[in-house]
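These notes concern the structure reproduced below.
FYI, side chains are in, hydrogens and waters are out, and symmetry mates aren't considered; it's all heavy atoms of this structure.
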Amino acid sequence: MAKKILIVDDEQDVLTYLRTLFQDNGYETAEAGDGKQAMDQVQTFHPDLITLDIIMPNQSGVGFYRALKKDDTLQKIPVIVLSGVGQYKAFFARDHYTVPKPDAFVEKPFNKDELLSLVRQFIG
């Protein structure tokens, strides 16, 4: 059975690229365009890993991440933050007293081999 990755990003080209990359490497994928949709998908899709953009409409990646990590049944899902805004790496480092740091932080534009290596490290 294929491992499941939830891709959370509001840019359609990023969603398409990541979906293709992950599916071509044997993973099953689902997508969400904001934090609210992401939480709905987590409940129904039950991902093994989440890639998460930060700046999105409706509910940001930060809001979604906080909700995920405060939920006892969901907090163990590995999260790779994919963001073009490097300042959020410092935010997560500063906020680690209330919420654990993401499992990895990758700045856009990202190297696909580096990203796949991280995914394999976390879920095989």
Side-chain angles (χ1 to χ4, degrees):
M1 183 170 211
K3 297 284 186 164
K4 298 178 180 182
I5 300 175
L6 175 60
I7 305 162
V8 185
D9 203 298
D10 63 323
E11 295 181 42
Q12 189 58 48
D13 57 336
V14 174
L15 290 170
T16 300
Y17 179 81
L18 290 173
R19 178 179 63 245
T20 302
L21 177 66
F22 294 145
Q23 288 179 356
D24 285 353
N25 283 276
Y27 298 100
E28 184 179 341
T29 63
E31 301 166 15
D34 63 41
K36 183 177 179 336
Q37 291 175 6
M39 191 54 80
D40 292 342
Q41 284 283 35
V42 166
Q43 301 293 336
T44 58
F45 182 64
H46 307 288
D48 297 297
L49 180 134
I50 299 168
T51 63
L52 178 63
D53 187 22
I54 297 298
I55 300 176
M56 295 180 291
N58 301 323
Q59 184 185 27
S60 73
V62 172
F64 165 74
Y65 183 80
R66 283 184 175 153
L68 183 80
K69 293 301 176 180
K70 289 182 179 180
D71 187 306
D72 291 339
T73 61
L74 305 175
Q75 63 185 229
K76 297 213 185 294
I77 301 171
V79 176
I80 299 174
V81 172
L82 296 175
S83 180
V85 185
Q87 71 191 37
Y88 284 99
K89 188 173 186 176
F91 170 81
F92 279 106
R94 183 178 67 244
D95 200 36
H96 76 277
Y97 294 108
T98 57
V99 181
K101 292 190 297 187
D103 296 279
F105 191 98
V106 178
E107 287 194 49
K108 292 177 184 174
F110 52 85
N111 176 295
K112 70 180 180 79
D113 295 325
E114 175 189 345
L115 180 58
L116 283 172
S117 176
L118 285 169
V119 168
R120 289 181 185 119
Q121 174 186 335
F122 295 126
I123 63 172

- Query: Ignoring hydrogens and geometry, is there a side-chain-to-backbone donor-acceptor pair from Lys4 to Phe45 under 3.5 Å?
  - Reply: yes
- Item | Lys/Arg N to Asp/Glu carboxylate O, Asp9 vs Lys108, below 4.0 Å | yes
- Query: After noting the C-alpha distance and the side-chain angles of Leu68 and Ile50, does the key distance pass the side chain to side chain contact (heavy atoms under 4.5 Å, CB included) rule?
  - Reply: CA-CA 11 Å; Leu68 183 80; Ile50 299 168; 3.9 Å; yes
- Sequence neighbours left out, what pairs pass side-chain hydrogen bond (donor to acceptor under 3.5 Å, both in side chains) with at least one residue falling in residues 30-39? Arg19-Glu31, Asp34-Asn58
- Message: How close do Gln23 and Thr29 get, counting heavy atoms only, and between which atoms?
- Response: NE2-OG1, 2.9 Å
- Would you name the heavy atoms of Ala2 and Gly26 that are closest together and state the gap between them? CB-O, 3.3 Å
- Message: I'd like to check the salt bridge (Lys or Arg N to Asp or Glu O under 4.0 Å) partners of Arg120; sequence neighbours left out, ordered by chain and number.
- Response: none
- Heavy atoms only: give me the nearest Met56-Gly33 pair and the separation to one decimal. SD-O, 3.8 Å
- Message: Checking one residue: Leu116. Which other hydrophobic residues are in its cluster under the side-chain 4.5 Å linking rule?
- Response: Ile5, Ile7, Val14, Leu15, Tyr17, Leu18, Leu21, Phe22, Tyr27, Leu49, Ile80, Leu82, Val106, Phe110, Leu115, Leu118, Val119, Phe122, Ile123
- Message: For the CG atom of Asp103 and the NZ atom of Lys76, what is their distance to the nearest 0.5 Å?
- Response: 11.0 Å
- Message: So, taking the atom named CD in Glu11 and the one named CD1 in Ile55, what distance separates them when rounded to the nearest 0.5 Å?
- Response: 10.0 Å
- Message: Between Ile77 and His46, is there a side-chain heavy-atom distance shorter than 4.5 Å?
- Response: no
- Minimum heavy-atom separation for Pro102 to Tyr65, with atom names? N-OH, 3.0 Å
- Backbone N or O of Asp113 within a donor-acceptor pair of the Ser117 side chain at under 3.5 Å? no
